[in-house]
Structure formats: C-alpha cells, structure tokens
Amino acid sequence: MRFSQTLIPTLRENPVEAQVVSHRLMLRAGLIRQLNAGIYTWLPLGLRVLRRVETIVRQEMDRAGAQEVLMRAVQPAELWEESGRWAHYGKELLRMKDRHDRDFCFGPTHEEVITDLVRREVRSYKQLPLNFYQIQTKFRDEIRPRFGIMRGREFLMKDAYSFDKDVEALDVSYKAMFAAYQGIFQRCGLEFRAVEADTGSIGGASSHEFHVLAESGEDTIASCTNCGYAANLEKAVSGDTEVASDGTPEPMARIETPNKRTIEEVSSFLKVPVEQTVKSLIVETEEGLIMLVLRGDHVLNEVKAMNALGVTQLTLPEPERVRELTGVPVGSIGPVGTEITIVADPGTQMAGGFVCGANEAGWHLTNVVWERDLPAPRFVDLRNVTAGEPCPRCDSGTLVLHRGIEVGHVFKLGEKYSQAMNAVVLDENGREKTLVMGCYGIGVSRIVAAAIEQNHDDNGIIWPMALAPFQVMLLVINPKDKALMEAASALEKGLSAKGVDVLTDDRDERLGVKFKDADLTGIPLRVVIGGRSLKEGKLEIQSRRGGDPTTLSPDDAVEGLYQMVQQELALNASS
RNA sequence: CGGGGUGUAGCUCAGCCUGGUAGAGCACUGCGUUCGGGACGCAGGGGCCGUAGGUUCAAAUCCUAUCACCCCGACCA
C-alpha cells in the first residue's frame with residue numbers, strides 16, 4: 001500500500017485530551033479519531049491492527065472447538081426481563097424504543113440472546129458440549145469513558161458461551177478456553193498474567209481474568225514471587241494468618257483524645273503503632289447498616305465486603321450522614337457498645353488488644369480485646385492485600401503488586417441464565433437437565449490499546465510483529481527518482497507474494513518527516529531505499545525495536561525480510 | 001451524580017480582565033531555493049469566536065441559559 005494514497009493523518013503535536021500513552025499515540029499515529037465521548041472511528045491503519053487481533057482470536061477460538069456466530073447488537077427487552085437484568089443492569093445499559101414503543105437495548109453482552117438460541121435449538125445431551133463465539137460491537141454507557149479506546153463506550157469484543165450437561169463437563173470447556181486465551185495473548189506478543197478474579201454479582205464457581213501488565217492499568221493484581229498464585233486485588237488474599245497469640249493484654253481503658261480524628265492522629269497522639277489501632281467503617285447496604293472493623297493501616301476491599309455480607313449494594317456514607325445515623329462523629333466510632341451489627345477482619349485480632357473509637361467525641365478506648373471486652377463478631381477477610389505479605393498458597397513466596405489492563409475474562413456461569421430462561425436438554429434417562437454455562441470475553445479493541453501501552457518509546461508505537469498494521473515499511477528517500485520507485489515496487493511485489501504486508505512511504509516529504517512518521521506508526525521493519533546505497537547494491541534495514549541496521553542486496557531483500565518477519569512471529573507462536 | 005476546566009482556522013494556542021472591523025506557530029495551496037532525521041523565502045486560501053437569548057451605538061470579550069468535550073471525585077474516618 002502507498003502512504004500517499006492512504007489516510008494516515010499523523011499529528012506532530014499531542015492532542016490535549018489524551019492522557020495515557022496509548023490514547024495519545026493512537027491519535028498521533030492516525031489510527032483513530034474521536035466521534036463522541038468514548039466512541040472512536042477506526043482509520044485505515046488502526047483498523048488493520050484491529051483486524052490482526054480479530055484474526056488471531058478467531059483462529060485460536062476455532063482451534064479450541066468454538067463455533068463462530070454473529071448475534072446482533074440490538075436486543076429485545078423481553079429477554080432481559082426474563083433473566084432479571086432489565087431491572088438490575090442500571091444505566092450502563094443503553095436502552096431504546098422502536099417505532100411501536102417497544103423496549104430494546106444495545107447489547108453490552110449476549111448471555112440472554114445465546115441462551116435463547118440454545119434453548120430453542122438444542123434438545124439432547126448428545127449435542128453437547130457446545131461453545132459459540134462472536135466478535136461483535138458492544139455498547140456500555142460507562143459513567144466516565146476515558147483513556148481513549150481503553151475505556152470506551154462502544155468497543156469490539158469477542159464473547160463466547162459454552163453449554164455443558166454438568167459441572168464436570170463445564171470444567172473441560174473452561175480449561176479449553178483458558179488455554180486458548182493463553183495462546184491468543186501469547187501470539188499477540190503481550191506480556192500478560194492470568195489471575196483469579198472475583199465472580200462479582202453474577203456469582204458462579206470460578207473466574208480468571210487475563211491482564212496485560214502496564215503501569216497505566218486500571219486494575220491492581222497481586223502475584224506470588226515463588227508459586228503461580230496470581231489474583232485480582234478484589235480477590236487476592238494474604239497468607240498472613242495473624243491470630244491472637246498468648247500474652248495478657250492490659251485491661252481496657254478509656255482515654256481522652258481531643259480533636260484526634262484520623263487513625264494517624266490518634267496513633268501518634270497515643271504513641272501506639274497504627275497496626276494496633278482499628279478503624280470502624282459504617283456502611284449502608286440494602287440490609288441496613290453494618291459496622292466493618294479493620295486494622296488501622298488496612299484498606300477496605302468493598303468487593304470482599306459485599307461478598308461477605310451477601311449484599312449487592314454497599315456505600316460508605318458521607319461523614320455528616322454517619323453522624324446523623326449513629327450520633328457519633330466518624331473519628332470516634334468504635335465497636336464497643338454499639339448496636340450496629342459488626343463484621344471484622346481477622347487482622348483485628350491482635351494479641352495486645354487494639355485502640356478504637358469510644359463512640360463519644362474526643363475519646364478512644366485502648367487494649368480492647370474481642371470476647372473479653374465485647375462480643376466476638378464474625379471474622380471474615382475484608383481488606384486489600386499489600387505488597388510483601390506472604391503468599392496464601394505456598395510457604396516461601398511473598399506477594400507483589402502490578403498494574404494490569406484487563407483484556408480477557410473467563411467465567412464459570414453455572415445455571416444462572418439457563419435456569420432463569422429454562423434452557424434444558426434431555427439427559428440419558430430422558431430427564432430434563434438444566435444446561436451449565438460458561439462465558440468468555442476478550443476486549444478486542446482494548447488489546448490494541450494495551451499492546452501500545454506495553455510497546456512504545458518516546459518516538460511512538462513499536463508494534464509486536466503479529467499486530468503490526470504492516471510488517472515492513474519502505475521508505476523511499478526520493479520518490480521522484482524512478483529507479484528508487486522501481487526498486488520499491490519490486491520489493492512490494494515480492495513481499496506481498498509471500499504474504500508480507502508492505503507500506504511504502506512514497507510521499508514527496510522531507511526525509512525527517514518520513515522518519516518521524518515511520519517511528520510514530522511503529523511498523524516493525526523499515527527499509528530505506530536511497531540512491532546512494534542503492535548504487536552500492538545495498539538496502540538499509542532497521543528494526544523499530546532498535547539495534548544496528550543491517551544491509552541486504554536488493555536481490556536478497558525479499559527473502560531476508562520474509563525471514564525476519566517469520567522469526568519474530570515464531571517467537572510468540574502458540575503451541 | 002458531584003466538583004473543576006475548556007470551547008476562537010485542520011492541530012496547538014494567544015486575544016477576553018479593561019467591549020471598538022479576528023491573530024500566531026504548525027498544517028494546507030502556488031512559485032523558488034533546499035533536502036539521508038520534523039528546512040527556508042515570497043505569495044495565498046481558510047474562522048457566524050460551540051449554540052441561543054440578553055445588555056450596548058457596538059460583543060470573541062459583559063450577563064443568562066444551553067450543548068459538547070476534558071480532568072478530578074464518587075471510598076478509608
């Protein structure tokens with residue numbers, strides 16, 4: 001393809017709205033343009049990358065035995081009412097009405113549609129297992145779209161749904177998808193982690209997320225330095241099973257702490273380490289008020305709290321509201337003598353007792369011990385792990401934290417949808433059996449952004465070979481020179497015959513401009529075709545990743561470049 | 001949903017406070033010079049100053065409303 005005939009609107013300056021690297025570079029390299037908040041048009045170069053990802057996903061899904069279908073974006077409300085999600089999904093669901101005033105939505109996901117299809121078309125256990133996937137545009141009306149493609153509202157997603165006769169069979173389907181995902185991200189040339197994830201409001205047995213490691217990631221993931229344990233922070237647990245040891249704590253005492261409100265203030269005022277204090281958090285749930293008690297330096301994990309309490313809504317009210325509800329200013333709330341139900345993190349069972357609010361402004365209690373000074377509450381993990389804590393799975397490892405971009409999610413759904421929508425088959429005994437489902441998503445467009453987050457330098461994108469819009473860029477120094485253009489044409493022809501995609505920069509631009517754009521667009525191999533070196537029978541080949549340029553004769557160039565492309569692809573080939 | 005910010009040429013921005021015929025750099029067009037890492041000169045084209053009201057002899061500038069986009073927050077007692 002010729003640069004001069006393709007719309008590749010590169011930008012010299014940084015667009016103001018772009019905060020993260022991938023967003024900035026996608027705009028500057030001319031891959032995308034914004035249409036609306038969280039909605040982007042894919043330009044020719046960007047679309048080629050998107051297609052590469054799609055192709056890899058499609059090949060690996062096919063290989064794993066999934067069948068491709070295409071469900072449509074617009075879905076009738078009836079199905080969502082059947083599953084119960086019409087009422088529960090909230091504002092992220094883009095709802096609309098047709099001319100007959102009937103309700104529809106633009107699908108953010110397709111569990112209902114596929115379950116409806118399967119219940120209509122599948123009758124017998126003999127037809128199982130089944131796994132359908134599609135690559136489709138989704139719309140989620142995000143509260144705050146940001147980071148360009150990374151958290152857009154309209155995006156491209158691969159979603160797959162498996163149907164099995166029982167949980168054992170689901171396990172097989174799940175493992176196959178897990179393996180396929182590893183192959184996909186590996187082929188994309190991405191550094192990623194599969195982590196255990198919270199199953200969230202959907203419930204279900206188990207779930208893994210696939211994260212591309214990048215500083216700009218919106219998620220935090222914890223992994224073990226020694227064993228394979230890795231989990232989303234929402235789910236990660238500490239191996240630190242600190243329980244009350246022996247030793248006789250002092251009796252509980254009431255101490256005046258004038259104007260000391262925060263943990264830090266109280267801790268330094270009383271000269272007690274924060275590890276010996278607790279914080280008492282009042283949360284509002286649909287089940288009413290709950291007091292959560294955590295060690296002073298620990299951070300509440302709301303997902304864990306919601307799971308532990310069995311609630312779907314949990315908010316930390318504003319300080320004024322807490323005062324209204326309890327009659328005590330936030331800094332002085334404590335578990336002793338309260339009538340609110342208490343749930344505590346195991347980390348509050350410290351041997352020497354703890355410091356907590358006295359439920360009276362300006363007073364705290366010290367040496368408080370569960371059971372001795374107040375009834376023991378239910379203890380359950382409520383907090384975020386921190387870096388350096390022991391691994392929960394092995395003896396010698398410690399946890400490290402990374403930032404990650406979630407690009408894939410596999411999920412054992414169980415019978416949530418099949419039961420609600422009555423998707424059944426007849427088993428060996430002629431009995432109706434509810435199907436057991438799994439669902440598996442990949443953010444196809446997000447992978448493009450994630451790949452850039454992980455592969456760039458100050459000058460622009462550095463595409464992994466497998467995702468590059470073109471593998472080779474021919475940089476013709478002077479396109480008016482017929483000999484040079486002929487050399488370029490010959491190379492284009494030879495390479496495309498071998499399946500290598502070539503972009504030829506034939507613009508009548510200064511050399512510096514072309515080099516800058518070549519760097520920006522990140523095409524992995526760059527061939528400089530100039531009069532001087534061509535006369536010497538040499539072509540200069542430079543990898544975008546850096547390193548010394550190599551030279552090839554025009555006769556060897558096609559084969560040489562082809563080999564270089566193949567070599568780099570082979571590095572990430574899935575097994 | 002709350003708070004903040006910005007809307008002026010394709011892009012990045014000045015002008016607004018203190019009202020008086022709309023600017024710069026880059027990009028674009030033409031000519032010339034130059035040209036193996038974002039050249040230079042000359043000459044050009046391009047903007048209802050987001051939109052709608054209002055104040056005024058006069059509004060990009062002041063006031064009101066509205067829309068859009070961006071950022072922060074929606075959590076640590």
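Throughout, protein chains are lettered first and strands after them, A, B, ... in sequence-line order, and every chain is numbered starting at 1.
Between A/Arg153 and A/Glu92 there is no salt bridge, since none of the side-chain N atoms of the basic residue sits less than 4.0 Å from a carboxylate O of the acidic one. In this structure, A/Arg403 does not pair ionically with A/Glu218, as no charged nitrogen and carboxylate oxygen lie closer than 4.0 Å. Salt-bridge formation is not detected for the pair A/Arg140/A/Glu154: no Lys NZ or Arg NE/NH1/NH2 atom is positioned less than 4.0 Å from an Asp or Glu carboxylate oxygen.
Out of B/rC11, B/rC70, B/rC76, the shortest distance to the side chain of A/Glu17 is found at B/rC70.
For an aromatic pair to be called close, the ring centres must be under 6.0 Å apart, and A/Tyr40 with A/His23 satisfies this.
A/Lys304 places its NZ atom 19 Å from the P atom of B/rC76, with the value rounded to the nearest Å. Remark: P of B/rC72 and CZ of A/Arg146 are 7 Å apart, rounded to the nearest angstrom. Rounding to whole angstrom units, CG of residue A/Leu7 and P of B/rC28 are separated by 14 Å. Computed from coordinates, the A/Leu316 CG to B/rA77 C1' distance equals 9 Å when rounded to whole Å. For the pair A/Ile263 CD1 and B/rC76 C1', the computed distance is 9 Å after rounding to whole Å. Here the C1' atom of nucleotide B/rA68 and the CZ atom of A/Arg153 are 12 Å apart, to the nearest Å. Going from atom CZ of A/Arg295 over to atom C1' of B/rA77 covers 17 Å, rounded to whole Å. Across the protein-nucleic acid pair, A/Ile333 atom CD1 and B/rC76 atom P stand 14 Å apart, rounded to whole Å.
Nucleotide B/rU21 has no partner under the Watson-Crick or G-U criteria, as no pair reaches both atom distances under 3.5 Å. Taking a pair to require two hydrogen-bonding distances under 3.5 Å in either a Watson-Crick or a G-U wobble arrangement, B/rU6 pairs with B/rA68. With a cut-off of 3.5 Å on both pairing distances, the Watson-Crick or G-U wobble partner of B/rG73 is B/rC1. Judged by Watson-Crick or G-U wobble contacts below 3.5 Å, the nucleotide B/rG44 has B/rC28 as its partner.
A residue-by-residue look at A/Asn36 and A/Glu264 shows that A/Asn36 has its nearest nucleotide of RNA chain B further toward the 5' end.
A side-chain hydrogen bond (donor to acceptor under 3.5 Å, both in side chains) with A/Asn232 is found for exactly one of A/Glu196, A/Glu209, A/Glu406, namely A/Glu209.
For the side chain to side chain contact (heavy atoms under 4.5 Å, CB included) test, residues two or more places apart in sequence or in another chain that qualify with A/Thr551 are A/Lys538.
For B/rC71, one of the phosphate oxygens OP1 or OP2 lies less than 4.0 angstrom from a side-chain nitrogen or oxygen of A/Arg144. Taking 4.0 angstrom as the limit, A/Gln34 places a side-chain polar atom (N or O) nearer than this to OP1 or OP2 of B/rC70. Dashed line: the shortest gap from a side-chain N or O of A/Asn14 to OP1 or OP2 of B/rU12 is not under 4.0 Å.
Annotation: B/rG7 and B/rG15 have their C1' atoms spaced 15 Å apart (nearest Å). The C1' atoms of B/rC17 and B/rC71 are separated by 25 Å, rounded to the nearest whole Å.
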Below 3.5 Å, can you tabulate the donor-acceptor pairs from side chains in residues 478-485 of chain A to any protein atom, sequence neighbours excluded?
| unit_1 | atom_1 | unit_2 | atom_2 | d |
| --- | --- | --- | --- | --- |
| A/Asn478 | OD1 | A/Lys480 | N | 3.0 |
| A/Lys480 | NZ | A/Asp508 | OD2 | 3.3 |
| A/Asp481 | OD1 | A/Ala483 | N | 3.0 |

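Between A/Ile290 atom CD1 and A/Thr341 atom OG1 the span is 5.0 Å, to the nearest 0.5 Å.
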Practice item. Produce a footprint string for nucleotides 31-47 of chain B: one letter per nucleotide, 5' end first; B if the base is under 4.0 Å from any protein heavy atom, S if only the sugar-phosphate is, - if neither. Key: ---BSBBBB--------
